[in-house]
> 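Pasting a structure below so you can have a look.
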Amino acid sequence: MEYNFREIEQKWRRIWAEQQTYKVETDENKEKFYVLNMFPYPSGAGLHVGHPLGYIASDIYARYKRLQGFNVLNPMGYDAYGLPAEQYAIETGQHPAITTETNINRYREQLDKIGFSFDWNREIRTCDAEYYHWTQWAFQEMFNSYYCNACQKAQPIQNLVAHFAAQGTAGLDVACSEELQFTADEWNAMSDVDQQKVLMNYRIAYLGETMVNWCPVLGTVLANDEVVDGVSERGGHPVEQKKMKQWCLRVSAYAGRLLNSLNTLDWSDSIKETQRNWIGRSEGTEMQFRVKDSDVEFTIFTTRADTIFGVTFMVLAPESELVAQLTTDAQRAEVEAYLDATKKRTERERIADRRVTGVFSGSYAVNPFTGQEIPVWISDYVLAGYGTGAIMAVPAHDSRDYAFARHFDLPIIPLIEGADVSEESFDAKEGIVMNSPVAGVETRGGFSLNGLTVTEAIAATKKFVTEQGMGRVKVNYRLRDAIFSRQRYWGEPFPVYYKDGMPQMVPADCLPLCLPEVTKFLPTETGEPPLGNATRWAWDTEKHEVVDNALINHKTVFPLELNTMPGFAGSSAYYLRYMDPRNHEALVGDKAGAYWKNVDLYVGGSEHATGHLIYSRFWNKFLFDLGVSRSEEPFQKLVNQGMIQGRSNFVYRIKDTNTFVSLGLKDQYETTQHNVDVNIVSNDVLDTEAFKAWRQEFANAEFILEDGKYICGNAVEKMSKSKHNVVNPDMIVEKYGADTLRLYEMFLGPINQSKPWDSNGIDGSFRFLRRLWNLYFDKNDAFCVTDEAPTKDNLKTLHKLIKKVSEDIEDFSYNTAVPAFMIAVGELAQQKCQSRQILETLAVLVAPFTPFVAEELWEKLGHAETVFNAQWPEFCEEHLKEDTVTLGISFNGKTRFTLDFPADASKETIEQAALSDEQSAKYLEGKQVVKVIVVPGRIVNIVIK
RNA sequence: GCGCUUGUGGCGAAAUUGGUAGACGCGCCAGACUUAGGAUCUGGUGUCGCGAGACGUGUAGGUUCGAGUCCUAUCAGGCGCACCA
């Protein structure tokens with residue numbers, strides 16, 4: 001029987017769908033295993049062959065686990081909110097919901113062809129109200145929570161209110177935007193609105209006035225990870241800093257936990273390192289500086305408290321609130337000019353152009369250790385968002401301070417013995433401290449660091465500062481709170497309305513609050529977000545429903561929030577929803593949550609290292625504090641699949657003609673290079689007829705061939721429509737079948753490596769499948785598996801394969817598992833193996849890779865054993881034992897000859913035998929045996945001298 | 001600048017973790033079957049050399065009986081962070 005993949009695959013696709021083969025339920029009798037892919041954004045371009053790479057890898061693992069008897073959850077869904085659909089809507093007026101629906105249907109069609117074992121009953125879409133109900137719910141929970149530093153956990157905001165009412169801010173250790181101080185009496189005397197304002201300082205989801213990345217072209221703010229090199233990640237538009245009132249998530253409160261529990265994860269070192277970098281823990285000291293002739297005191301943060309005696313100036317960030325306080329009248333004009341100039345620079349300009357700029361404020365700070373006066377400057381090299389927005393500058397030991405001091409001719413005092421600071425600063429934290437203080441200078445309490453190492457000096461200063469109440473030891477994180485508002489239409493609406501200017505939550509039992517219809521997807525004429533175009537977008541607190549904006553004058557009707565949530569809102573807890581996707585009462589029910597717990601294996605691209613994978617971990621930790629998530633970490637093991645790049649083909653057109661010259665001859669002419677559709681090129685040979693038909697302009701093309709062929713040039717580029725190098729999985733499935741596609745994608749190279757797609761090699765995978773098929777069917781198409789006993793060779797081949805495949809699947813070395821199949825099938829064919837016992841097992845082994853053909857074979861075999869036996873690898877040893885070891889006699893670095901011994905011979909036996917052997921004795925005569933090296937199954941050596 | 005990572009045939013890549021470098025696949029060459037071959041099957045294929053043989057894992061050293069693998073230096077590419085005090 002010919003290997004008719006079309007018939008086979010069609011048949012099993014139908015059966016799997018009809019019988020819901022991959023539907024999964026909680027089952028207490030089985031151990032769970034949760035496999036998850038990062039869900040896709042359904043773009044209009046559809047899938048190319050790079051997209052399924054990770055899905056295939058995880059599907060192989062899911063099928064493998066299932067064959068081992070695990071209850072495997074392997075769901076799929078869509079991250080359906082996003083900019084492209086909205087941009088398309090703005091351009092064409094087509095509602096994003098329609099575009100999204102169309103794209104999803106296309107994705108589904110493409111995915112279905114590839115034979116994934118997804119449980120589609122659990123499909124979710126982030127834009128479904130049923131789904132975003134729980135995104136809104138989580139937001140409200142965050143609004144109603146604060147973070148307790150003492151217990152390292154989110155707490156209900158009522159607890160905080162109770163604390164304020166009883167003792168004000170005394171004894172409070174909680175995460176906040178700003179340190180506040182008030183008494184219980186003061187709290188109790190506050191108006192309701194004032195109390196709400198105070199609480200906003202502590203909520204985990206809060207409305208904050210912060211510097212944001214504003215992108216004027218997109219008309220929206222962006223999160224830090226959505227800004228790359230000073231331009232927007234999507235579209236590459238310029239981004240500027242702007243102070244705006246926005247919803248924020250207090251991610252920074254979780255920085256410590258996000259950092260610490262990284263150690264418990266089975267993720268690659270590079271991703272963990274990237275996250276550590278992004279979180280950016282830094283242990284240092286906060287110190288108070290008094291301003292000369294003023295009551296003002298301000299705080300700075302430093303990791304080099306030991307350099308306090310080298311401080312020659314202070315610097316404030318231009319956005320710092322201290323700037324207004326410390327600028328003297330004499331300097332005001334100059335400072336304001338500077339602030340104006342900095343404000344105009346975009347983030348990109350600041351990065352590109354690192355000129356040293358700054359201005360003197362006119363004020364002096366007082367060194368708390370020596371009483372010396374230090375000028376206070378303002379410069380944009382100090383960031384408002386990190387630490388306190390103010391620094392003490394030590395030009396001798398910080399390269400940035402050094403550049404600044406040189407530029408403005410400020411003094412530089414070296415503090416480390418032997419450090420030469422005439423050309424550059426000495427930044428290393430090493431050496432012996434001197435000039436601390438400089439001779440003759442009196443210090444508070446006679447404090448001195450001279451003679452200590454830097455490490456000792458840092459510790460001594462910290463201790464002194466704490467004891468003297470001059471400051472405190474502080475851990476700072478680079479991780480900022482996430483800006484959670486977007487001025488877009490196509491996102492989750494906030495379940496929030498405004499009363500007296502303060503945000504109020506729409507009652508939880510009224511959720512979901514559905515996205516309103518609008519006629520235009522652009523901002524309103526008054527510059528409000530697109531939801532400002534909705535005519536029915538007000539909340540009636542009495543009727544508990546959305547009502548017409550016209551009713552806002554009524555006492556019970558209030559305007560709803562016009563911003564929507566960002567893309568990461570919907571993708572942060574989706575893995576929890578898959579556990580229980582149709583639950584109307586909760587994000588995830590107790591039973592399902594306790595059973596599935598968390599994701600055992602998560603597969604996706606490493607580009608989400610600082611975005612999704614941080615937000616999702618944060619979101620999960622919050623839900624864990626609430627008791628909704630059952631695990632401190634959402635994704636236990638993470639595998640990052642590499643990107644598949646495109647392999648472009650080129651034709652060479654002779655200038656000013658319609659004649660194309662083959663690659664090898666192109667240097668004889670003056671030519672221009674053109675990308676040609678890779679789908680009309682095979683092994684770099686152009687199908688000239690298809691080329692003529694491809695484009696009108698090439699209809700009359702002429703060709704200069706070599707050896708009767710037109711050879712195209714090639715190059716590795718990003719896979720994109722404009723380069724005509726997009727290879728579509730449907731076309732591969734159509735031509736070779738899904739099993740071949742799956743096998744080939746895995747064979748291409750290590751899963752975590754980026755590699756170019758090359759359709760040329762796919763024939764090899766297809767040939768393998770045909771050879772596999774031919775083991776079961778003879779030339780006359782008859783099923784030829786018999787009950788004959790397997791031979792020793794059969795067993796050896798099989799067990800070699802079992803061992804290799806089990807090990808390789810376990811550590812995702814699919815690219816070496818595939819060759820193992822090829823070798824085994826080749827050997828079994830040579831051995832003319834027809835033994836059912838062997839072939840049955842073989843069919844099970846390949847099933848994760850090529851599920852269609854495996855199902856077909858199982859059926860033909862009478863559905864015999866279809867279980868991947870966990871004990872198989874242990875049985876292997878017996879069959880894989882080598883009969884002999886070979887002893888190589890090396891002399892002067894050359895193997896002179898070899899002797900064979902039984903595999904279980906001891907070193908002593910081998911040594912004796914070698915010495916008594918006539919031939920070897922010739923070499924060994926008069927030599928001393930140093931050692932005998934025996935490695936089972938290998939050539940071994942006797943070392944002599 | 002800091003951190004991570006990768007360098008092996010014409011190409012994608014293997015290498016039991018210190019033990020016969022280049023498995024397997026593509027491509028290429030030869031042969032078989034064919035009216036035909038972008039089908040199928042068989043054999044060959046690191047480089048130089050007619051040959052025996054010599055040389056070969058970015059480069060230069062080192063450790064070792066033995067190094068793609070370990071150590072030191074160096075070069076090149078990729079990724080991430082980047083005025084974070």
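To find a chain, count down the sequence lines: A is the first, B the second, and so on, and within it residues start at 1.
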> How about Met314(A) and Leu322(A): do any of their side-chain heavy atoms sit closer than 4.5 Å?
no
> Does G7(B) have a Watson-Crick or wobble partner in any strand here, with both distances under 3.5 angstrom, and which is it?
C75(B)
> Could you tell me the Watson-Crick or G-U partner of A32(B), where both distances fall under 3.5 Å? Say none if there is no partner.
U40(B)
> With distance as the sole criterion, is a donor-acceptor pair present between the side chains of Asp398(A) and Ser425(A) under 3.5 Å?
no
> Separation of Tyr736(A) atom OH from G38(B) atom P, in whole Å?
14 Å
> Return the orientation label for the Phe369(A) and Phe309(A) ring planes: parallel under 30°, perpendicular over 60°, tilted otherwise.
perpendicular
> Could you check which of G12(B), C83(B), A14(B) has an atom nearest any side-chain atom of Thr816(A)?
A14(B)
> From the list A13(B), U40(B), A85(B), which nucleotide is the closest neighbour of the side chain of Pro750(A)?
A13(B)
> Closest approach to the side chain of Arg771(A), judged atom by atom: which nucleotide of A14(B), A23(B), G25(B) is it?
G25(B)
> Write down the distance between CZ (Phe404(A)) and C1' (C83(B)), rounded to a whole number of angstrom.
12 Å
> Would you say Arg478(A) places a side-chain N or O within less than 4.0 Å of OP1 or OP2 belonging to C81(B)?
no
> Nearest of A23(B), C41(B), C4(B) to any side-chain atom of Ser270(A)?
C4(B)
> Which of the following nucleotides, C26(B), C83(B), A85(B), is nearest to the side chain of Phe301(A)?
A85(B)
> Grab the CD-P distance between Glu807(A) and U17(B) for me, whole Å please.
10 Å
> Using only side-chain N and O atoms of Asn277(A), determine if any of them is under 4.0 Å from OP1 or OP2 of C4(B).
no
> How are the rings of Tyr744(A) and Phe747(A) set to each other: parallel, tilted or perpendicular (split at 30° and 60°)?
tilted
> Quick one: Lys755(A) NZ to G7(B) P, roughly how many Å, whole number?
14 Å
> Look at the side chain of Arg770(A) and decide which nucleotide, out of U40(B), A85(B), A13(B), has an atom nearest to it.
U40(B)
> State the pairing partner of U45(B); accept Watson-Crick or G-U wobble contacts with both distances under 3.5 Å, and report none otherwise.
G27(B)
> For Thr274(A) and Thr303(A), take the nucleotide of RNA chain B holding the closest heavy atom to each; which residue's nucleotide lies nearer the 5' end?
Thr274(A)
> In Watson-Crick or G-U wobble terms, both distances under 3.5 Å, what is the partner of G68(B)?
none
> Using 30° and 60° as the class limits, which term best fits the ring planes of Tyr3(A) and Phe766(A): parallel, tilted or perpendicular?
tilted
> Measure up the His608(A) and His612(A) rings against each other and bin them: parallel (under 30°), tilted (30 to 60°), perpendicular (over 60°).
perpendicular
> Compare side-chain N and O positions of Gln753(A) against OP1 and OP2 of G12(B) and report whether any pair is under 4.0 Å apart.
no
> Mind checking if Asp269(A) touches a base, just sugar-phosphate, or nothing, with heavy atoms under 4.0 Å?
nothing
> According to a strict under-4.0 Å criterion, is Arg647(A) in side-chain N/O contact with OP1 or OP2 of C11(B)?
no
> Looking at Met643(A), I want to see if its CE is surrounded by more than 12 non-hydrogen atoms of other residues, nucleotides or ligands under 6.0 Å.
no
> From the list G25(B), C83(B), G27(B), which nucleotide is the closest neighbour of the side chain of Phe747(A)?
G25(B)
> Among A14(B), G80(B), G3(B), which nucleotide has an atom closest to any side-chain atom of Glu273(A)?
G3(B)
> Rounded to the Å, how far apart are Ile279(A) CD1 and C2(B) P?
23 Å
> State whether Ser282(A) places a side-chain N or O below 4.0 Å from either non-bridging phosphate oxygen (OP1 or OP2) of A85(B).
yes
> Counting only heavy atoms not in Glu607(A), do more than 12 fall under 6.0 Å of its CD?
yes
> Give the rounded distance in Å between these two atoms: CG of Leu705(A) and P of G38(B).
14 Å
> Which one is paired to G56(B), where only Watson-Crick or G-U wobble pairs with both distances under 3.5 angstrom count?
none
> Check the phosphate of A85(B) against Tyr386(A), side-chain N and O only, distance under 4.0 Å to OP1 or OP2. Yes or no?
yes
> Measure CH2/Trp377(A) against C1'/A85(B) and give the value in whole Å, please.
18 Å
> Is the glycosidic angle of G53(B) within 90° of 0, making it syn, or outside that range, making it anti?
anti
> Find which nucleotide of RNA chain B each of Arg304(A) and Met822(A) is nearest to by heavy atoms, and output the residue with the more 5' nucleotide.
Met822(A)
> Could you give the CD1-to-C1' distance, from Ile614(A) to G80(B), as a whole number of Å?
13 Å
> Paired with C50(B): which nucleotide, if any, by Watson-Crick or G-U wobble criteria at under 3.5 Å for both distances?
none
> Taking the P atom of each, how far is G66(B) from C75(B), in whole Å?
29 Å
> Is the glycosidic torsion of U17(B) within 90° of 0, making it syn, or is it anti?
syn
> What is the base-pairing partner of G80(B), counting Watson-Crick and G-U wobble geometry with both distances under 3.5 Å?
C2(B)
